[in-house]
Amino acid sequence: MAKAPRATSRNQPLSENRQSIAVLGAGSWGTALAIRLARNGHPTRLWGRDPRQVQEMAVERRNRRYLPDTEFPVQLIPETDLNRALEGVAAVLVAVPSHGYRELLESLAFRIPARLPVFWASKGLESGSRKFLHRVTEEVLGSERPTGVVSGPTFAGEVARGLPTAVTVAGCSLEAAQLLASYLHSRTFRTYTSTDVVGVELGGASKNVLAIAAGVADGLGYGANTRAALITRGLAEMIRLGAAVGGSQETFMGLAGMGDLVLTCTDNQSRNRRLGLALGQGLVLESALAEISQAVEGVKSAPEVLHLARDHAVEMPITEQVCRLVEGDTTPQQAVEALLSREPKTERE
């Protein structure tokens, strides 16, 4: 078999497999992934809920609201009509907030073929039901199609600029994971495959909650010691819950677990960390969210992750305090005091 020609630019793909792909969700992450796919040579249609925003992107050839400094590749076409966005595509990649995930899938159910691969880059659990998004996908679209999730330590702006990035792609089968990985992989976007969909999804949901905690600690003026302790003990919480729901410890020590957790807890590009900073500095939740003006997944994920933990009798004290904080049941200072006043335990607990 002939080898693919060597890429001469760092943003050129490693694969010659060109397929049309629909990316649904024109926020920062969906746009960044659409840019990555288009740079890889895939004709990519980017659909968003706001027709005015999508039309503006089509005219200006950039997402001025979320990624104003990155011009769209020629292969990226913004599309206001969902039917046109889906016409003739080889796969769908969903990148909407988790609370809108089921609704969007329900609008796809009668529009796409039964075996069309559907992937997602959304992070979180379904609000109210505590269901993982792969379970929502099965309920709405059936279990016969190839499906998978992409997650890991990624800021949309850096992906859009073509800075080196690595992610985990987990599929319902290794073949499904490899398919999505082949679409995304390039010299600056490295993909690692897995079949631990549960672990990858849980990592993406819980790290946002823990990033709020890290931001609160920094907002209160605590130092690097506190931040490191929160990250480490937060990872322990993630691993405990992961084991209870069937995830692999290897996953949580990898890109979709520890990698994403460290990134989100330590860099102010993270909306969840910025929310925690604002809360620690005395802002009320509504003002902090208005200041960020984008979806902050950890706010909705906190109660879902905590209820999931209680369903499995798993103790998650940091997650519990974040949940109480965003629900208005405690202050940042009281949350810290509650964590510090806990009884000494062995590190394995």
Side-chain angles (χ1 to χ4, degrees), residues 1 3-19 21 23 25 28-42 44 46 67 70 72-73 75-76 90-91 93-95 117 119-123 146-204 207 235 238 247-267 269-270:
M1 181 181 293
K3 293 182 179 179
R6 290 181 61 84
T8 57
S9 165
R10 70 174 188 165
N11 277 322
Q12 283 184 325
L14 295 177
S15 169
E16 292 298 317
N17 178 25
R18 308 289 192 268
Q19 299 289 340
I21 299 169
V23 177
S28 57
W29 188 214
T31 301
L33 288 170
I35 290 170
R36 176 70 272 152
L37 290 163
R39 283 183 181 150
N40 281 4
H42 302 290
T44 304
L46 176 61
L67 299 170
T70 304
F72 287 170
Q75 295 276 32
L76 198 165
L93 177 58
V94 179
F119 305 111
W120 57 97
S122 307
K123 295 181 179 181
T147 58
V149 57
V150 55
S151 189
T154 51
F155 286 134
E158 295 187 9
V159 171
R161 294 198 301 275
L163 299 182
T165 300
V167 298
T168 300
V169 175
C172 62
S173 66
L174 185 57
E175 291 75 17
Q178 289 171 335
L179 179 63
L180 178 56
S182 73
Y183 293 149
L184 291 168
H185 191 75
S186 77
R187 295 198 179 280
T188 60
F189 197 90
R190 185 167 180 80
T191 54
Y192 291 85
T193 55
S194 169
T195 55
D196 184 15
V197 175
V198 169
V200 170
E201 287 185 315
L202 181 61
K207 63 93 183 182
L235 179 61
M238 188 188 295
S248 165
Q249 182 168 329
E250 253 184 10
T251 299
F252 300 111
M253 298 304 295
L255 291 165
M258 183 171 65
D260 208 0
L261 177 64
V262 170
L263 180 85
T264 314
C265 288
T266 59
D267 194 291
Q269 292 179 77
S270 163

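All residue numbers in this chain count up from 1 along the given sequence.
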Practice prompt. State, with a plain yes or no, whether a side-chain heavy atom of Arg161 is found less than 4.5 Å away from one of Glu158.
Written response: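 Arg161 reaches Glu158 side chain to side chain.
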Starting at [atom1] of [X], measure out to [atom2] of [Y] and round the result to the nearest 0.5 Å.
X: Gln19; Y: His42; atom1: CD; atom2: NE2; result: 7.5 Å
X: Leu46; Y: Leu37; atom1: CG; atom2: CG; result: 10.0 Å
X: Arg18; Y: Gln75; atom1: CZ; atom2: CD; result: 8.5 Å
X: Leu180; Y: Thr193; atom1: CG; atom2: OG1; result: 10.5 Å
X: Thr147; Y: Trp120; atom1: OG1; atom2: CH2; result: 4.5 Å
X: Ile21; Y: Phe119; atom1: CD1; atom2: CZ; result: 8.5 Å

Could you pull out the closest heavy-atom pair between [X] and [Y], with the gap in Å?
X: Asn40; Y: His185; answer: ND2-O, 3.1 Å
X: Ser186; Y: Arg36; answer: OG-CZ, 3.4 Å
X: Val150; Y: Val169; answer: CG2-CG2, 4.1 Å
X: Trp29; Y: Val159; answer: CZ3-CG2, 3.9 Å
X: Pro153; Y: Ala166; answer: CD-O, 3.6 Å
X: Met238; Y: Leu202; answer: O-CD2, 4.0 Å

Fill in: Residue list, side-chain contact (heavy atoms from CB on, under 4.5 Å) with Glu175, at least two apart or on another chain
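With sequence neighbours excluded, Glu175 shows a side-chain contact (heavy atoms from CB on, under 4.5 Å) to Ser173, given in chain and number order.
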Worksheet item: Hey, mind stepping through Thr165 and Phe155 against side-chain contact (heavy atoms from CB on, under 4.5 Å) and telling me if it holds?
Response: CA-CA 9 Å; Thr165 300; Phe155 286 134; over 6 Å; no
Test your reading of the model: is there a side-chain donor-acceptor pair from [X] to the backbone of [Y], 3.5 Å cut-off?
X: Ser182; Y: Leu179; result: yes
X: Asp196; Y: Thr251; result: no
X: Arg39; Y: Ala160; result: yes
X: Thr191; Y: Phe189; result: no
X: Ser194; Y: Ala170; result: no

Worksheet item: Do other residues, nucleotides or ligands put more than 12 heavy atoms under 6.0 Å from Gln269 CD?
Response: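 Counting other residues, nucleotides and ligands, CD of Gln269 exceeds 12 neighbours.
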